[in-house]
2 protein chains.
Amino acid sequence: MSNAKVLPLVDPEGTGTAAPCCPPLTERPFTADEAETAARMFKALGDPVRLRLFSAVASHEGGEACVCDISDVGVSQPTVSHHLKKLKEAGLLTSERRGTWVYYRVEPSVLAAMGRLLSGGRSAGQ
Amino acid sequence: MSNAKVLPLVDPEGTGTAAPCCPPLTERPFTADEAETAARMFKALGDPVRLRLFSAVASHEGGEACVCDISDVGVSQPTVSHHLKKLKEAGLLTSERRGTWVYYRVEPSVLAAMGRLLSGGRSAGQ
DNA sequence: TGTCTATGTTGACACATGTCGAACCAGAGA
DNA sequence: TCTCTGGTTCGACATGTGTCAACATAGACA
């Protein structure tokens, strides 16, 4: 599975110079296209198991973790793999095989962009 | 429909003093309970139609809008109503009837808390 | 080479979700 | 009171999603 088809959700540098997928939620009504793109990210985090997996990876040292470290979320391993794939398809994680183990890593720029999307860059109070 | 059953997702003031539902995603692995709570919010925003509705309300003057202003999202009015109800149940919106029209309003503190959750507690611009 | 362990994939199933039309409810105004 | 308009709820349906068991694959090691 290639990581090449990560969605162009955000600017890779997180600088805000390259246009992210969407303006802050409070800035203007989303177009259908913007909503489709952003909803994909939110939907990926809209499952408790995926949220735990994502949080486990994000909070692990170096922002990466092998599957063996995070697969204790109460579901079978195929299910864990399934959810990790979903997170990867949403552009929130990337994976890399190193020997026996597969390591998953967060995309910090995506996290930052989603935070910006929600907090409007300002203090979220409009 | 009462707004009384809004979930205790975040501290109502957005000050961070009252404990929000969850730590930043990057701080520690979510517990099953934290994940369940936070996933409800993300899932609510994980649908394009809901995201457009929410963005339309959030970007409207005063942070509130009547249904008639935002129901042009390409689906029938019952469906719009259905999604607005979902957003309300997730604690992202509140509603109030004023005469003929029903007005929906965003919960700024919820937005801020979600931004904080994603950006690790810092100012979301990383 | 063969075997073992760690992951990913496939197929199938039950359940949740998005959508609509029709019916219903709440105010406004005549 | 009746009627009109804005909005919600109900019932039904098609689709999407989460889950697992079983199978397949990749690398390590003997």
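Order of the sequence lines sets the chain letters (A, B, ...), proteins ahead of strands, with each chain counted from 1.
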Can you pull out every disulfide (SG to SG under 2.5 Å) where at least one residue sits in residues 54-114 of chain A? Sequence neighbours excluded, please.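 Sorted result for residues 54-114 of chain A: A/C66-A/C68.
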
Can you give one letter per nucleotide of nucleotides 19-29 of chain D, 5' to 3': B if a protein heavy atom sits under 4.0 Å from the base, S if only from the sugar-phosphate, - if neither? BBBB---SSS-

Euclidean distance, atom CG of residue B/L87 to atom C1' of D/dT8 [Å, nearest integer]: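 In whole Å, D/dT8 C1' lies 15 Å from B/L87 CG.
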
Rounded distance in Å - CG (A/L84) to P (D/dT17):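 Rounding to the nearest Å, CG of A/L84 and P of D/dT17 are 17 Å apart.
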
Nearest listed nucleotide, side chain of A/V67, among D/dT17, D/dT9, C/dG8: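 Of all the options, the side chain of A/V67 is nearest to C/dG8.
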
From the list D/dT17, C/dG8, C/dG18, which nucleotide is the closest neighbour of the side chain of B/R50?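 Minimum distance to the B/R50 side chain belongs to C/dG18.
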
What pairs meet the salt bridge (charged side-chain N to carboxylate O under 4.0 Å, His left out) rule with one or both residues in residues 52-75 of chain A, with sequence neighbours excluded?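 Residue pairs passing salt bridge (charged side-chain N to carboxylate O under 4.0 Å, His left out), neighbours aside: A/E64-A/R98, A/E64-A/R105.
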
Taking only residues two or more places apart in sequence or in another chain, which ones pass side-chain hydrogen bond (donor to acceptor under 3.5 Å, both in side chains) with A/H82?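 With sequence neighbours excluded, A/H82 shows a side-chain hydrogen bond (donor to acceptor under 3.5 Å, both in side chains) to no residue whatsoever.
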
Using side-chain hydrogen bond (donor to acceptor under 3.5 Å, both in side chains) as the criterion, list what pairs up with A/S81, not counting sequence neighbours.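 For A/S81, no residue satisfies side-chain hydrogen bond (donor to acceptor under 3.5 Å, both in side chains) once neighbours in sequence are set aside.
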
For B/Y103, which contact category applies under a 4.0 Å heavy-atom criterion: base, sugar-phosphate, or nothing?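 Result for B/Y103 = nothing.
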
Holding to side chain to side chain contact (heavy atoms under 4.5 Å, CB included), I want the full list of residues that pass it with A/S71, two or more places apart in sequence or in another chain.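 So A/S71 forms a side chain to side chain contact (heavy atoms under 4.5 Å, CB included) with A/V67, A/V80.
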
Answer yes or no: does a side-chain N or O of B/K86 lie under 4.0 Å from OP1 or OP2 of C/dG18?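 It does, given that an N or O in the side chain of B/K86 lies less than 4.0 Å from OP1 or OP2 of C/dG18.
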
